[in-house]
Amino acid sequence: MSVFFDLSIQISERYAFNKNSLDKINDNPWVKNQWPLVYFIQNEGKRVAYVGESTNFSNRIKNHLANPKKANAFNQISIIGSDKFNKSATLDIESKLIQYISSEGTYELQNGNHGLINHNYYQQDLYKNLFKDIWSKLVENKIVSKSLEEIENSELFKYSPYKSLNEDQYNSVLEIIEALTENDSSKIFIKGSAGTGKTILATYLIKLLGSDVSDTNMDDFSDNEIQEINLIRAFKEKYPNAEIGFVVAMSSLRKTLQNVFRKIPDLKSTMIISPSETFKKKYDLLIIDEAHRLRQYKNIGWMGVFKKNNRKLGLDDTGTELDWIIANSKNQIFFYDSAQSVKPSDIPSSHFDKLISESNTIEIELKSQMRSNGGNDYITFVDDLLNIKRDNKSFYVPEKYDLVVFDSMKDMYEQLTIKEKKYGLCRLVAGYSWPWLSDPKKSEPDLDAIDIEIDGVKLQWNKTVKDWINSESAFKEVGCIHTTQGYDLNYTGIIFGEEISYNIVTNQIVIDKSKYFDKNGKRGIDDIEDLKEYIINIYKTIMYRGIKGAYIYACDKNLREYFKDHIKSFETESKLRVLPFADVKPYVNAVPIFDIYAAASEFSDLQILTEYENQKWVELPINISAREDYFVCQIIGESMNKKIENGSWCLFKKDPGGSREGKIVLVKHYDSQDSDFGAGYTIKSYHSEKVITDEGWSHKSIILKPLSFDSAYKNIVLDENEMSELKVIGEYITTLDI
């Protein structure tokens, strides 16, 4: 059962950020009582801001005002206080505000990113809703404008150097900087499977090493933060004008990261480079993302340039992009996972193994799963599933991850469409099992050609290679490994193509080379087992993309059935226990389900009391008795998410009349539409203003209030002329726990 705080959040007036305001600021109750608080300093004209937290704000603001940079940069300050704050909570909320405000776009955040670490503390989960309410009030006060969901789906948020690190990552940062300052030169390998936060750690590190910490006040810092600041100072002393480059082999991800770096203080888009661009200058440090995708002189379309780069270093055709990076930099940090090598042009793992074995190489392993809600168990499961290492009797049901196999491509696409509308960033991704007929780069392209047709669903491959994930038409297209590797999605719809099947006799996955259309991905591979390893790696990597879930469809029926032995299958019915009508005793052992989206008219007495066979009937939990005035509806939307989660199945009773003040009601209004509902239906908290006269009373207005963490949802106010069009259908009883 969910537990919620009785929220009490206050955001103060905007005080002037100067010494003349100190008396007024010190009179704020949260400041006066030295309560843990969070504060927000800003300058709307310059569009700059700073976030902080303190338990002794009187001293903190004096320090800020004594800092010429801050005193000149900012002109307003707001204080965020709550009777639910403690030191751990304010550290957590400060960290979240830094993450979200830096990605929201209204302000350029002036905070450094040192010390950003996930804070684990008692009842931490309860503070998630407290933060949502804080953000809602910031929107109301016009300090920010975007919703949390909108920010979370942005590329700036996903690759932000202000992301809070877990303990695993944070300790790695300290170890890396210590090695860079103490050794003459270093090769550092950061190993970790997909989703362990390698790219996040890389962007954090680059921002950190470029931070100005010369005048940082460390009075309230933890031991780790003090160590971090001192290490940064030591690095800057060793490399006063450090040349740092971030090498990204994949052009799609490179463009995305360039867009991110362009928007972050102290970072530049020119820091994001290809392996070839390492020849432009000598670097003190090169950080290499997705190092397993560095290339050798094999199966590439630009062999002439590759050969020239090798010749610059006196190398023959055995030279690789790895050689270029080492030759053009003093220190290197490789983020590496051999299991994500997906093409024969990728440098063999033996080259990396040789470097790792050298005496001056440091090896660090990231173990915590940062992307998938399924955690490390899901990563292990996928590896075992695709390498046929699971017991056939073992069925995998992740607790916090939506993993489903579909028998119908149409059903999968429909369900993915629902998730796209709810969360955004849901994409179809497939193995390269169909030729790219609609390729816009062809000399005479057929842009309308259908590349993939399954179960009557007609689809095209991605129309763009660079940053396809965020392109406008992405949801209507299908991506491949080359347009998705390195990216995060909310849901991934994975199509196992015709090149991969399952042999029920040998209990083995089988590859058909003739149905694999990545020419550079198979040229020169004679051993089918080698090709199989690449293709398995492709599907594993695709399956790791989803944060919230993965939907799976396999063209090969045998492979689909193999998956269904281990993963739950899609069920068209809801999780509610819907009874066959032969077993239904209306309002004795079951109540009806009504679809308010499909209803063409109001819920009439006829619908509720008769036509039993035309309704679906659901069995209620054992602790709730069926009644003649009960019915069930599903609520889709976020307008009531403080009380009712999106997608919840809720029990209502037919409107009994009488006072409805403060109750949650399902209503229909014939002349208004709610953004979460169709046909004029809405569920809101009911309030009314009454006029009392000697002759009695009457409604002056009815107010239907949302109860949402998202302040974009507004009250629906009906005056006396509009109230006649309002019909209360039912009164909310409870959310059914399914």
Side-chain angles (χ1 to χ4, degrees), residues 1-7 129 573-579 581 583-599 601-612 614-669 674 676-688 702-709 713 715-716 718 726-738:
M1 183 171 112
S2 296
V3 179
F4 296 97
F5 279 136
D6 181 14
L7 301 176
N129 290 320
E573 296 291 344
S574 75
K575 294 180 183 177
L576 294 171
R577 180 168 155 72
V578 178
L579 300 180
F581 186 70
D583 298 336
V584 171
K585 297 177 182 178
Y587 303 108
V588 176
N589 68 345
V591 298
I593 297 176
F594 291 125
D595 185 347
I596 60 177
Y597 307 96
S601 61
E602 65 195 72
F603 288 103
S604 63
D605 290 340
L606 180 67
Q607 283 178 297
I608 293 179
L609 299 177
T610 61
E611 298 185 356
Y612 292 158
N614 295 330
Q615 304 290 350
K616 289 183 179 179
W617 293 81
V618 62
E619 185 179 62
L620 294 178
I622 194 169
N623 61 322
I624 302 176
S625 299
R627 291 176 24 169
E628 283 200 4
D629 55 353
Y630 278 1
F631 62 91
V632 171
C633 283
Q634 187 180 28
I635 304 304
I636 302 294
E638 302 288 351
S639 67
M640 295 294 290
N641 60 19
K642 286 187 178 180
K643 293 289 185 181
I644 302 172
E645 290 186 8
N646 191 342
S648 297
W649 291 91
C650 298
L651 180 66
F652 293 85
K653 68 178 177 181
K654 186 183 175 185
D655 177 45
S659 175
R660 305 172 182 121
E661 181 63 31
K663 294 179 179 177
I664 295 174
V665 293
L666 175 65
V667 302
K668 179 173 182 177
H669 190 263
D674 184 278
D676 282 343
F677 293 84
Y681 288 102
T682 188
I683 180 169
K684 295 288 183 289
S685 178
Y686 182 102
H687 301 271
S688 65
I702 291 175
I703 306 170
L704 302 174
K705 295 184 177 181
L707 298 176
S708 177
F709 293 111
Y713 291 97
N715 293 344
I716 298 174
L718 306 174
L726 181 74
K727 181 175 178 61
V728 179
I729 306 300
E731 179 185 314
Y732 169 80
I733 302 297
T734 189
T735 297
L736 298 177
D737 184 8
I738 58 172

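Separating the NZ atom in Lys653 from the CD1 atom in Ile733 is a distance of 5.0 Å, to the nearest 0.5 Å. Distance check, rounded to the nearest 0.5 Å: OH of Tyr732 to OG of Ser685 gives 12.0 Å. Here Lys684 contributes atom NZ and Leu707 contributes atom CG; the two are 9.0 Å apart, rounded to the nearest 0.5 Å. Note that the CG atom of Leu726 and the CG atom of Leu718 stand 6.0 Å from one another [nearest 0.5 Å]. To the nearest 0.5 angstrom, Ile664 atom CD1 is 12.0 Å from Leu704 atom CG.
Counting heavy atoms from C-beta outward, Tyr630 and Leu620 have side chains that approach closer than 4.5 Å. At least one side-chain heavy atom of Ile624 sits less than 4.5 Å from a side-chain heavy atom of Leu736. For the pair Leu666 and Phe631, the minimum side-chain heavy-atom distance is below 4.5 Å. Taking the side chain as every heavy atom from C-beta outward, Val578 and Trp617 never approach each other to under 4.5 Å. Taking the side chain as every heavy atom from C-beta outward, Ile635 and Met640 never approach each other to under 4.5 Å. The side-chain heavy atoms of Asn715 and Pro706, taken from C-beta on, include a pair separated by under 4.5 Å.
Residue Ser708 comes nearest to Lys642 through the heavy atom pair O-CE, 3.6 Å, listed as atom of the first residue, atom of the second, then distance. Thr735 and Lys643 get closest at one heavy-atom pair: OG1-O, 4.5 Å. Of all the heavy atoms in Tyr587 and Arg627, the pair that sits closest is CD2-O, 2.9 Å. Taking every heavy atom of both residues into account, Val588 and Ala626 meet most closely at O-CB, 3.7 Å. Phe652 and Cys633 make their closest contact through CE1-CB, 4.0 Å (heavy atoms, listed as atom of the first residue, atom of the second, distance). In this structure, Ser639 and Tyr713 approach most closely via the heavy-atom pair CB-CD2, 3.4 Å.
When atom types are taken as modelled, the side chain of Glu661 and the backbone of Ser688 share a donor-acceptor pair closer than 3.5 angstrom. At distances below 3.5 Å, at least one donor-acceptor pair connects side-chain atoms of Asn589 with backbone N or O atoms of Asp583.
In summary, Asp655 and Lys727 do not engage in a salt bridge, as defined by a charged side-chain N under 4.0 Å from a carboxylate O.
Qualifying salt bridge (charged side-chain N to carboxylate O under 4.0 Å, His left out) partners for Lys663, counting only residues two or more places apart in sequence or in other chains: Glu731.
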